[in-house]
Amino acid sequence: MRARMKLAMNIEPLDLDQTLGCGQTFRWHRSADGCWTGPLDGQIIRLSARGTNIEVDAHPGGPGVRALVASHLRAEDDVPKIQRALARDPVLRRGLPHVKGLRIVKMDEWECLVSFVLATYANIPRISGMIDTISERYGSPIGDGVNAFPRHSQLSKASSAELARCGLGYRANYLRELCDEIDDHAIKQMKRLPFERLREKLKELPGVGDKVADCVSLFGFGRLEAFPIDVWMERALARLYRKKGTYRELREFAASKFGQYAGYAQEYLYFNERLNAGNGACVFSNE
DNA sequence: GCCCAGGAGTGTG
DNA sequence: CACACTCATGGG
């Protein structure tokens, strides 16, 4: 019987389904009863909504669990204030009531970097599969048959041939080279860089271009001004703003329109565009 | 079987 | 700088 701990937290607003299920992060799983379970910094965390509170079930638990969850869900963000600022844009204003509890998450920088390098040109179920595989093979067991995401030192032991057998496709080589070109210390140094310099530094890494650099800046390094643009976002910008162009042009468009909260705007639009493709239930429109 | 995927790297115009 | 082509493969 593993050690186990329960506690209640108040992080508002928060919609677990929207926040953990929208493709920002890949290791949370929803069970039929609506609980979300995932590995976080060596803990297995289960989250469930209890009115305006969330119940946190952690094992092994410990004094750091509350801070861990608060950090991951960015409890410090004043989301209503962010949404009031973004509501100056008429397109966002109409849909914001439907995504009140969609928050940006804060991932571990290394995990985020690897995850989004693997995420290139793959769909979300496959990305989850790739990440599960490398976690099973190279991460440390933390209970219930779940492994932590492999640390840099653990993943660095994998040969290129081994990684190729993890179903990563051409991404295996990126990951192998990535391990050689960065380490925990370099990541620690990068945390201090201003956004644009961080972005340029990330782009020097193998497998990291504009889009991955923006994802890692946003979800890993917590830079809310980052605005990742993938195929879904290109569609959203074309459909809702009649805006097309190169990555640079779209990025500058977003920066001028959404400013310091571009990352939140991106996640709202991304969430909506995928809904739109799925069942037509889009919540943002330009009409 | 076909199509597409939270793109990046490389070479060319 | 902008575009075209290639990369390897699982999930819908």
Side-chain angles (χ1 to χ4, degrees), chain A residues 18-29 99 102-107 111-137 160-182 199-221 223-224 226-240 243-254 262-279 282:
Chain A
Q18 291 183 356
T19 299
L20 300 178
C22 72
Q24 315 180 56
T25 179
F26 305 102
R27 297 207 71 198
W28 288 95
H29 294 288
V99 289
L102 173 51
R103 308 181 72 95
I104 300 289
V105 300
K106 167 68 176 75
M107 297 170 68
E111 176 175 347
C112 187
L113 175 59
V114 172
S115 296
F116 280 97
V117 166
L118 294 182
T120 62
Y121 210 44
N123 56 31
I124 290 179
R126 183 171 179 200
I127 298 165
S128 298
M130 290 188 282
I131 292 171
D132 285 343
T133 302
I134 64 170
S135 298
E136 286 165 13
R137 299 194 187 176
S160 180
E162 269 178 35
L163 290 174
R165 277 182 259 112
C166 291
L168 310 185
Y170 65 87
R171 305 165 195 81
N173 286 327
Y174 287 157
L175 187 47
R176 181 60 259 166
E177 294 169 19
L178 186 62
C179 287
D180 294 337
E181 294 197 19
I182 200 170
R199 198 171 177 282
E200 289 311 306
K201 205 72 184 168
L202 287 167
K203 283 178 63 175
E204 293 174 7
L205 297 169
V208 181
D210 282 318
K211 188 266 178 182
V212 172
D214 283 326
C215 284
V216 178
S217 295
L218 178 58
F219 306 125
F221 287 85
R223 309 306 172 89
L224 294 185
F227 190 86
I229 303 162
D230 66 339
V231 291
W232 295 96
M233 285 304 297
E234 284 182 2
R235 289 171 200 158
L237 293 172
R239 191 172 64 84
L240 297 173
K243 186 69 183 174
K244 297 182 182 180
T246 63
Y247 198 99
R248 173 190 290 273
E249 289 165 345
L250 295 178
R251 193 176 166 251
E252 288 171 354
F253 173 77
Y264 266 93
Q266 190 274 354
E267 208 53 27
Y268 297 144
L269 292 169
Y270 177 78
F271 175 83
N272 177 66
E273 195 61 24
R274 289 172 56 82
L275 267 188
N276 183 46
N279 54 22
C282 54

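Just so we're on the same page: letters track the sequence lines, and every chain starts at 1.
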Does a side-chain heavy-atom distance below 4.5 Å link Asp214(A) with Arg223(A)?
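Of all side-chain heavy-atom pairs linking Arg223(A) with Asp214(A), none is under 4.5 Å.
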Any side-chain heavy atom of Lys211(A) within less than 4.5 Å of one from Ile229(A)?
no
Indicate, with a heavy-atom threshold strictly under 4.0 Å, whether [X] touches base, sugar-phosphate, or nothing.
X: Asp210(A); result: sugar-phosphate
X: Glu267(A); result: base
X: Leu205(A); result: sugar-phosphate
X: Val117(A); result: nothing
X: Phe271(A); result: nothing
X: Gly207(A); result: sugar-phosphate

Can you measure [X] atom [atom1] to [N] atom [atom2] for me and round it to whole angstrom units?
X: Arg274(A); N: dG6(B); atom1: CZ; atom2: C1'; value: 8 Å
X: Leu202(A); N: dA8(B); atom1: CG; atom2: P; value: 12 Å
X: Arg171(A); N: dA5(B); atom1: CZ; atom2: C1'; value: 8 Å
X: Tyr170(A); N: dG10(C); atom1: OH; atom2: P; value: 13 Å
X: Leu178(A); N: dG7(B); atom1: CG; atom2: P; value: 17 Å
X: Met233(A); N: dA5(B); atom1: CE; atom2: P; value: 15 Å
X: Asn123(A); N: dC3(B); atom1: CG; atom2: P; value: 16 Å
X: Trp232(A); N: dG6(B); atom1: CH2; atom2: C1'; value: 10 Å

Ala226(A) and Ser217(A) have their tightest heavy-atom pair at CB-CB, 4.0 Å
So does Thr120(A) get a backbone contact from the side chain of Arg171(A), meaning a donor-acceptor N/O pair under 3.5 Å?
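Confirmed, Arg171(A) side chain pairs with Thr120(A) backbone.
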Short side-chain to backbone donor-acceptor contact, Arg126(A) and Gly167(A), under 3.5 Å
yes
With nearest nucleotide decided by heavy atoms, which residue, Ile229(A) or Lys203(A), maps closer to the 5′ end of DNA chain B?
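It is Ile229(A) whose nearest nucleotide is closer to the 5' end.
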When rounded to the nearest Å, what value does the distance between P atoms of dG11(B) and dA8(C) take?
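dG11(B) and dA8(C) have their P atoms separated by 16 Å.
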Using the P atoms only, state how far dG6(B) lies from dT6(C), rounded to an integer number of Å.
23 Å
If you check the Tyr270(A) side chain, which of dA8(B), dG6(B), dA8(C) turns out closest?
dG6(B)
In terms of the angle between their ring planes, are Phe219(A) and Phe116(A) parallel, tilted or perpendicular, with boundaries placed at 30° and 60°?
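Rings of Phe219(A) and Phe116(A): parallel, under 30°.
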Once the angle between the rings of Tyr170(A) and Tyr174(A) is folded into 0 to 90°, is it parallel (under 30°), tilted (30 to 60°) or perpendicular (over 60°)?
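Judged by the thresholds at 30° and 60°, the geometry between Tyr170(A) and Tyr174(A) is perpendicular.
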Once rounded to the nearest 0.5 Å, what's the spacing between atom CD of Glu111(A) and atom CZ of Phe26(A)?
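One gets 10.0 Å once the value is rounded to the nearest 0.5 Å.
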Strictly below 4.0 Å: does Arg235(A) bring a side-chain N or O up to OP1 or OP2 of dA5(B)?
yes
Measure the distance between the ring centre of Tyr121(A) and the centre of the six-membered base ring of dG7(B), then answer whether it is under 5.5 Å with planes under 30°.
yes
Using side chain to side chain contact (heavy atoms under 4.5 Å, CB included) as the criterion, point out the one residue from Val114(A), Val208(A), Val117(A), Leu113(A) that pairs with Val216(A).
Leu113(A)
Candidate list Met233(A), Arg239(A), Arg235(A), test side chain to side chain contact (heavy atoms under 4.5 Å, CB included), partner Leu269(A), passing option
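For Leu269(A), the side chain to side chain contact (heavy atoms under 4.5 Å, CB included) check succeeds only for Met233(A).
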Strictly below 4.0 Å, heavy-atom distances to any atom of DNA chain C: list the hits from residues 125-135 of chain A, or just say none.
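Residues of residues 125-135 of chain A that come under 4.0 Å of DNA chain C are, in numerical order, Pro125(A), Arg126(A).
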Using a heavy-atom distance cut-off of less than 4.0 Å, which residues of residues 244-251 of chain A contact DNA chain B?
none
